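Every value quoted in this text rests on a predicted model; they were computed, and no experiment measured them.
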Amino acid sequence: MSDNEAENELVRMANEIAAFFKPYPHDEAVADISQHILDFWDPRMRRAMIAHLEAGGEGLQPLALEGLEAALRPAPAA
Amino acid sequence: MTIHQEIPLGLRNLKLTPLEAEIDRGTPEREGPPVTLMIDGVTITVPEGTSIMRAASLADRQIPKLCASDNVEAWGSCRLCLVEIEGVKGTPSSCTTPVREGMRVTTQNARLERLRKGVMELYISDHPLDCLTCPTNGDCELQDMAGVVGLREVRYGMDGDNHFDAAHKVPIDVSNPYFQYDASKCIVCSLCVRACEEVQGTFALTIEGRGFESRVSPGILSDDFFSSDCVSCGACVQACPTATLVEKSIVEHGTPRREVITTCAYCGVGCAFKAEMQGEEIVRMTPWKNGGANEGHSCVKGRFAFGYATHKDRVLTPMVREKITDPWRPVDWEEAIGFAARRLLEIRDEHGAGAIGGITSSRCTNEEVYVVQKMIRAAFGNNNVDTCARVCHSPTGYGLKTTLGTSAGTQDFKSVDKSDVILVIGANPTDAHPVFGSRMKKRLRQGAKLIVADPRRIDLVRSPHVRAEHHLQLRPGTNVALMNALAHVIVTEGLVNEAFVAERCDMTEFERWRGFVAEERNSPEALSEILGVPADELRAAARLYATGGNAAIYYGLGVTEHSQGSTMVMAMANLAMATGNIGHDGVGINPLRGQNNVQGSCDMGSFPHEFTGYRHVSDKEVRSTFEADWGVTLDAEPGLRIPNMFASALDGSFRGLYVQGEDIAQSDPNTRHVTAALKALDLLIVQDLFLNETALYAHVFLPGTSFLEKDGTFTNAERRINRVRPVMREQQGMSEWETVCRISEAMGYPMTYENEAEIMDEIARLTPTFALVSHARLDAEGSMQWPVNEAHPDGSPIMHVDGFVRGKGRFMVTEYVPTEERANRRFPLILTTGRILSQYNVGAQTRRTENSLWHPEDSLEIHPFDAEERGVADGDLVAITSRVGQTTLRAMVSERMPQGVVYTTFHHPFSGANVITTDYSDWATNCPEFKVTAVQVMPTNRPSAWQEEYTQTAPGSRRIHTATAAE
C-alpha cells in the first residue's frame, strides 16, 4: 500500500464514521466522531491524519473534518 | 421411607453430580404441579405428566427398558417396562403411563419377571449370540437387560427365519466414515429413528417394511447412510441399545477404559463432550448429557472430527529460519524462544515499541489468550493486540455495548425453548451451529413462528416439519434498511411496548429514534425496491415480531460482516428494546459466535483498546489496577487493529507480529494485500498445530497444542465458561501459555504461573465480571455464565433482567448507508460467503478428517438463470472476478440463491475465496465486509493466476530442512 492509498483508506474510514453520526444534532455528532477517533485509532493513524489535515484534508466530508479537527488538534501526546 | 423430589428445571446443571446426570431416566423431564405416588413402597413426588418409568428411576427403582430414553418421547414398543398398578387391570408399560396422585406401583414381582423373560426370549431368538466378539460387548443394553430379567434359555431355538445367519444377513453398511449399520443386530426399537427426528430434527431415518421384515432404513431413495439425508450427528448411534449402529472406532479398537469431560473446540455453541480413552488414545467422543450448551447432543464435527489432533501433518518441533525463502530449521524450544525474543527486542529497539504486536486466537483457552495479551501489553509495551473477532463479531461488541451496555448476547441457549417468534438474520444455524440449530428446530416443530432474513434460502426456510412464515430474501448489504422498515411498522402501527421503553430506556434517545424510523423514507413501501422484498411481507413480518409473543433474534456473520455491521447490531437492539423483547426467557439478541472461544478471546482483553471485561485502556482507574498487579507502566493509547496492522506493515512502521492459532492469510479479506503485508514484516511468529497458510510467511514456528491437550476454559456464545480438560500430554512437549511466558521472560518481563488455574485466578482478580470464577468452582459446580460476581454469584443465564447494564437502554439512529462496493455492468453479481456443516472455518482441522468426504472442495452456488445466461452448467469450472482479484471454482447451479447473488465457502486454501474479497469494512470496527463483493462469473478451463502461483510456491515455503542429523 502506498502512502497515498493508506491516506485514502483513513479518509474513507473517517467519512464512514461521520456518515453514521450525521443524523445527530451537529455538536453531538462532532463530539461523537471525535471520541470515536480517540477511542479506536492508534497514534500513528492519528498522526497520519494530522498530516493529511495539514495538507488540506482532501476528500474529507465537512462533518468528518470537524470531528477530526476536534479530536486531533492539539495533537495526541504520543 | 425415603422422600425423593425431582430437582426443578433450571437448577439441574448446577446441582446434579456427574454420576446422577449420566442416568437415563427413560422419559423426558416434565414441568407441572407436584404429584405424589408410591413405587414399591417408596413415596415420591414428581411433576404432573411424568411417566411412571421416570418417577421409578428417581426413586432408585430402575425399571428394565429397551426402547425408552429420556431424550425422546416414550414409544412403548419393547414391552419390557411393564408394571402393576393397584386397581388397574393388566400390566401397562411404565414409559407411556403418566403418574397420578396416590398411585401405588409395583415394579417387580413373579408375574412381571415371567412376562419380561418371555419378551426378552423373543428378542434373543432373532439375535446373534456373538457377544464376546461383538463391538459393544460390555456396552450393550440388550445384553444388560437379558441379564437383568434373568434370561437363561431360548426355548424357540435359533433356527428358522432370522436376520443374522449367513443365509439371511444383509451386508453391514459401512458407507459413513465414522459409524456402521449392522441390520442383523437390530431389535427395531425405533430409538434411532426417534433420535433423528426429535433430537436432531433431520428425519433421515425410518422403519421400512412390516412385522418381521421391519428394519431401519436411511430413507427410501438412497441405498446407504452416506448418500442419505443423514447429517452424521451421531444421535442415532448414541441412542442404539445394541451394536446395530456403532462407531467404527469402537469396532476397531474396543470399548474405552476411562473418560474425561471436556469442551468441543469447533463452533461457538461450546458442546460438552466425554472424551473416551484407552490409555492416551482417544477412541470416541460422546456428547455429555450434563453439558449446559448441548445437553447430550452433538454434530458431525464435534463428535467425530477430532482426528486432526493426531494427524501426520501436525508439526511437533519448533522451527526457525532467517528468511521466508529458506527451508525451516527444526530447533529445540530454548533456541526457538530465544530467537523469537531476541528478534522482537531488536525490532523494538530499532523501530520503537509500536513496531511489534500480536493476534490472539479464538480457538485457544481464556487462559492462553490472557497471557498473550498480557505479554503484548506488558512485555512488548504497547496495545497492538487484536483477535480474529475483528473479522467476525467485533460489530457485536461495539453495537451491543453502545445500546445495552455490554458486549455479549443476552440469553442462554435454553431460552429458545420459550420463544414464540424466532427471527434469524444472516445466520445458518443448521450448518454453522448445528447443535443449537437442532434445538431451534425442536422449538419450531412445537409451533414457534420463524422469520428468516437471508439472501440465500438456507435449510431452515424449509426443512422437514419446519417452514418459515416469512423468508425475507433481501439483497446483500441492505440489512439496516430492513431493520428500519420493520421498525417503521412497529412505530407507526402503535406496536411499541411503551411501558417497557418508558421504564427501561433513555426517552430522549427513544424519541429521536422514533421520529427517525417513522419518516416515510423508512417505510416498507419506500424501501421495498432497495431490499428486493415486497412491502406487505415486511409489514407482516414486523407485526409478527412485535405481537407474536416472546420474540428472539438470532444472528450471525451475515449481520456483522458488512460496512454497516455495527449499525445493524444497534438496529436489532433498537427493535428488541422497542418491543420489550429483552430481559427474560424466550427473547433477546443472540449472536451465534463462529469459533469456540471467540466470546472468551474478546472477554480476555484481546482488543487493542480494551483490557479484560471490555474496559478502555484510556481509563486511568482501570489501567492503574493492571499496572499495580502486573508491575509495569501500561500504554494509555489504543493499539492497532488487524487491518491497521497490515496497513502499517506496508508503510514500514509495523515490523514484528506474533500470531497465536489464527490463519490470517486464508481467513482475512483481500489475500494479496494480506500476504504483501506479511511479506513486509521483519519477523512473523506463528503458533499453530500445522504449517498453515500464514506460516508460509513466518520466521518462527512454535508448535501449538490441540484442545485435547489443553487445561483451561472456553467461553461460548451464551457467555458460558466451560472447562477444557486435557485428555493427553502436550504432544509437542510444552503448553502454549508456558511458551508465551518464556518468550515474555526472555524479553525481560517474567510471567510465572504454576498452572492454568492460577491464570484464571488472576483474571478473576482483575475482571469484575469474572470475580467469582475459578477452576475449582467450575469443577465442583459445572459451567457458569458471566457475569459471575457478588451480584450474580452463580452466574447470569439471562442478562438485563432488572435493567440494562449501561443503566438506561440507548436507542441509536441507524441511517441506511449503502456500501461503496456495488454491482455494475462489469461486476454484475454480488458474492457472499458462508460455512457448510461438515467443514469448519479455514478447514485446517476438518480438512484433516474424513469430513472432507462430504465437502472435498469449495464450489460456487449460482442461480440457474445467472448460470444459463453465462453458459455455465452444474459442475463447470468458472472464473470469479472482483475488483481486487480472480479465482476459479466449480459451479453448483442452485435455486437456493436469488438471481444476482452467488455464494461460496472458504474451507480450502486453494479456493482462494478471499483473493476476491475487498478491503471495505465496518465503519466502527473495521470488521471486513466479507458478505458483499461485486463479481463477474464466466466459464473457464483453468485455475486462476493466483491459484497457479499458490500451487507452485506453497510447497516450497513449507520445506523443512531434514539434514540436521549430519550437522
Side-chain angles (χ1 to χ4, degrees), chain A residues 1-52 55 59-65 67-68 70-72 74-78, chain B residues 352-355 357 382-384 394 398 402 480 509 512-513 515-516 519 563-564 566-567 570 607-610 616-618 635-641 643-654 673 676-677 680 812-820 919-926:
Chain A
M1 194 184 282
S2 68
D3 285 359
N4 206 13
E5 271 177 82
E7 231 168 82
N8 288 342
E9 183 75 12
L10 291 177
V11 167
R12 185 166 60 80
M13 283 162 58
N15 284 338
E16 285 176 357
I17 293 163
F20 176 80
F21 291 106
K22 201 172 175 189
Y24 284 84
H26 177 266
D27 291 357
E28 235 176 280
V30 170
D32 284 342
I33 295 164
S34 166
Q35 192 59 47
H36 192 95
I37 301 290
L38 293 173
D39 279 350
F40 298 106
W41 285 24
D42 124 291
R44 85 195 68 183
M45 292 163 72
R46 282 152 37 198
R47 277 195 299 270
M49 183 49 88
I50 290 169
H52 183 75
L60 286 166
Q61 301 292 323
L63 187 61
L65 189 64
L68 288 165
L72 303 178
Chain B
N382 61 49
N383 290 316
N384 291 333
S394 50
Y398 181 87
T402 305
V480 173
E509 302 282 3
R512 183 143 59 191
W513 173 79
F516 161 74
E519 289 173 32
S563 63
Q564 278 201 289
S566 293
T567 315
M570 292 185 265
F607 285 138
H609 63 285
E610 283 171 338
H616 203 276
V617 292
S618 65
D635 190 358
E637 295 285 354
L640 293 168
R641 298 172 287 193
N644 317 138
M645 288 180 188
F646 296 151
S648 304
L650 289 168
D651 75 22
S653 67
F654 188 71
H673 175 67
M812 295 297 291
V813 174
T814 55
E815 186 77 63
Y816 167 60
V817 182
T819 168
E820 289 179 38
D919 286 328
Y920 289 116
S921 66
D922 174 46
W923 67 270
T925 65
N926 280 163

#### Entry: Residue pair A:Pro23 / B:Arg512, side-chain heavy-atom distance below 4.5 Å
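Not in contact.
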### Heavy-atom check, side chain of B:Pro638 versus side chain of A:Met45, under 4.5 Å
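No, side chains not in contact.
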### Query
Checking heavy atoms, do the side chain of B:Tyr816, its backbone, both or neither come under 4.5 Å from chain A?
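Answer is neither: B:Tyr816 stays 4.5 Å or more from chain A.
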### Contact class of B:Asn382 relative to chain A, heavy atoms under 4.5 angstrom
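No part of B:Asn382 comes within 4.5 Å of chain A.
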Gap between atom [atom2] of [Y] and atom [atom1] of [X] - 0.5 Å precision:
{"X": "B:Asp919", "Y": "A:Asn8", "atom1": "CG", "atom2": "CG", "value": "12.0 Å"}
{"X": "A:Phe20", "Y": "B:Asp922", "atom1": "CZ", "atom2": "CG", "value": "10.0 Å"}
{"X": "B:Glu610", "Y": "A:Asp39", "atom1": "CD", "atom2": "CG", "value": "9.5 Å"}

### Query
Counting heavy-atom pairs under 4.5 Å to chain A, which of B:Glu815, B:His616, B:Gln564 comes out on top?
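Among B:Glu815, B:His616, B:Gln564, the one with the most close pairs to chain A is B:His616.
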### Task
Heavy-atom pairs under 4.5 Å with chain A are the metric here; pick the option from B:Ser648, B:Ala676, B:Ser618 that has the most.
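Heavy-atom pair counts peak at B:Ser648.
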#### Entry: Residue pair B:Glu637, A:Trp41: steps toward the side chain to side chain contact (heavy atoms under 4.5 Å, CB included) verdict
CA-CA 9 Å; B:Glu637 295 285 354; A:Trp41 285 24; over 6 Å; no
### Query
Looking only at heavy atoms, which of residues 12-19 of chain A get nearer than 4.5 Å to chain B?
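Within residues 12-19 of chain A, near chain B: A:Arg12, A:Met13, A:Glu16, A:Ile17, A:Ala19.
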### Task
Before giving the answer on side chain to side chain contact (heavy atoms under 4.5 Å, CB included), spell out for A:Tyr24 and B:Met812 the whole-Å C-alpha distance, their side-chain angles and the decisive distance to 0.1 Å.
CA-CA 10 Å; A:Tyr24 284 84; B:Met812 295 297 291; 3.5 Å; yes
### Query
Parallel, tilted or perpendicular for A:Phe21 and B:Trp923, by the 30°/60° rule?
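The rings of A:Phe21 and B:Trp923 stand perpendicular, inter-plane angle above 60°.
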### Task
Please report the shortest heavy-atom distance between B:Ala355 and A:Arg44, naming the atom on each side.
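Reported closest heavy-atom pair: N-NH2, 4.5 Å.
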